[in-house]
Protein chains: 2
Amino acid sequence: MKQNSRLWLALHTLGHIANEPDRMHTSAEIADHAGTNPVVVRRVLGRLREAGLLVSEKGHAGGWRLASAPKDITLADIYSALDENIVAPPPADYARSCAVESELHKHVTSVLLEAERSLVERLGETTLAQFQEV
Amino acid sequence: MKQNSRLWLALHTLGHIANEPDRMHTSAEIADHAGTNPVVVRRVLGRLREAGLLVSEKGHAGGWRLASAPKDITLADIYSALDENIVAPPPADYARSCAVESELHKHVTSVLLEAERSLVERLGETTLAQFQEV
DNA sequence: AGGTCTGTAACTTTTGATGTTGCGAAACAT
DNA sequence: ATGTTTCGCAACATCAAAAGTTACAGACCT
Ligand code: FES
Ligand code: FES
């Protein structure tokens with residue numbers, strides 16, 4: 001795998017699950033498929049479970065399945081569940097000479113946030129249903 | 001500074017330069033302003049120069065200035081010059097069981113690319129002129 | 001009871017970004 | 001010419017986040 005591949009892993013995995021919504025998928029199976037490790041898979045899918053997109057069950061017939069119909073899960077849901085914060089990294093510990101109260105500073109920040117908002121909006125137009133039966 | 005702050009540094013810096021387009025800005029000055037190091041600044045601005053957005057000059061009155069009018073430089077230009085590749089990380093070394101030729105796989109990839117394309121399109125609607133005189 | 005799973009915590013490894021130092025090349029001032 | 005300023009670049013050192021790993025407890029089914 002690689003860095004910042006959480007979104008990638010989540011999308012491909014949910015794509016597969018959406019194509020077989022009726023059975024449970026184990027983290028071992030998914031990990032093998034994605035060329036990674038079960039624990040890593042659980043870490044990522046765990047976030048999606050917290051967001052209510054997935055359900056997991058323990059024990060013999062355990063594993064993961066979608067919490068709702070593919071058509072009711074958008075890519076924006078997935079993106080948000082991972083809180084990637086991709087386009088607008090936090091301000092860090094910048095500038096002394098350019099205060100946070102600066103108009104320019106606030107303006108730049110708001111433009112970045114707006115761009116990300118628009119990205120999420122775009123992702124909201126695609127659902128997992130579009131990954132079925134392809 | 002922090003990780004993945006190239007875009008952040010570029011936007012804020014160009015914002016400042018756009019507000020004083022007529023004088024040269026040195027990397028030392030910019031670095032001080034952004035709370036980082038001159039070499040780091042040159043690394044980032046260097047990419048923008050390669051993309052034709054900035055011009056740099058050596059020597060006494062040297063430094064950096066815009067290569068064209070603020071209204072002719074969009075945020076998409078800046079984003080692209082840094083080739084961030086933010087939303088769609090390269091496929092890495094995934095799956096043996098899920099071939100690259102898989103329809104599902106291609107579909108997921110194309111959706112990611114489309115999302116990024118739409119992000120860039122959105123960034124293209126804002127120019128540096130909007131950072132002037134704020 | 002025994003076998004599968006997930007859930008987590010701890011730790012190590014890897015990777016990319018950033019920070020740092022040093023020096024050469026160009027431009028300019030004196 | 002000489003010295004100063006500033007970029008350009010290469011070669012490191014440092015840092016932080018992500019990913020990989022190991023280990024074990026808890027839940028569930030047969
Ligand atoms: S650092 Fe000056 S505008 Fe953000
Ligand atoms: S891993 Fe990409 S669709 Fe199977």
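Letters A, B, ... mirror the listed sequences (proteins, then strands); counts begin at 1. Just so we're clear, the structure is a prediction, and the values are computed from it rather than from any experiment.
- The nearest whole Å value for the distance from the CZ atom in B/R47 to the P atom in D/dC7 is 18 Å.
- Here the P atom of nucleotide C/dC5 and the CG atom of A/L45 are 15 Å apart, to the nearest Å.
- Between the CZ atom of A/R65 and the C1' atom of C/dT6 there is a distance of 15 Å, rounded to whole Å.
- Side chain of B/K58, nearest nucleotide from D/dT6, D/dC9, C/dT6: D/dT6.
- Between A/H16 and A/H25, the ring center distance fails the sub-6.0 Å criterion.
- Between B/S27 and the phosphate of D/dT6, there is no side-chain N or O to OP1/OP2 separation shorter than 4.0 Å.
- Between B/L9 atom CG and C/dG19 atom C1' the separation is 13 Å, expressed in whole Å.
- Phosphate proximity of C/dG19 to B/T36: present, with a side-chain N or O under 4.0 Å from OP1 or OP2.
- Distance CG (B/N37) to P (D/dC15): 14 Å, rounded to an integer number of Å.
- You'll find that the side chain of B/V40 is closest to C/dT20, out of C/dT6, C/dT20, C/dG2.
- Residue A/T26 places no side-chain N or O under 4.0 Å from the OP1 or OP2 atom of C/dT6.
- Evaluation of atom-type donor-acceptor distances gives no pair under 3.5 Å for the side chain of A/R43 against the base of C/dG7.
- For B/R42 and A/G59, each mapped to the nucleotide of DNA chain D holding its nearest heavy atom, the one lying further toward the 5' end belongs to B/R42.
- When each of A/E57 and A/V39 is assigned the nucleotide of DNA chain C bearing its nearest heavy atom, the one mapping closer to the 5' terminus is A/E57.
- Using a 4.0 Å heavy-atom distance criterion, B/G46 is classed as making no nucleic acid contact.
- Of the possible polar contacts, none joining the A/T126 side chain to the A/L123 backbone as a donor-acceptor pair under 3.5 Å is found.
- For B/R6, taking side-chain heavy atoms from C-beta onward, the closest of the listed nucleotides C/dT6, C/dA25, C/dA17 is C/dA17.
- Whole-Å rounding puts the B/D83 CG to C/dG16 P distance at 14 Å.
- In this entry the distance linking CD of B/E84 with C1' of C/dA17 reads 11 Å, nearest Å.
- None of B/L48, B/L66, B/T127 except one satisfies the side-chain contact (heavy atoms from CB on, under 4.5 Å) rule with B/I73; the exception is B/L66.
- The side chain of B/H60 has C/dA29 as its nearest neighbour among C/dG2, C/dA29, C/dG7.
- Per the geometry, CD belonging to A/E29 stands 14 Å off C1' belonging to C/dT4, to the nearest Å.
- With respect to the salt-bridge test (charged N to carboxylate O, under 4.0 angstrom), the residues B/E29 and B/R23 qualify.
- Looking at A/E114 and A/R117, a side-chain N of the basic residue comes within less than 4.0 Å of a carboxylate O on the acidic one, giving a salt bridge.
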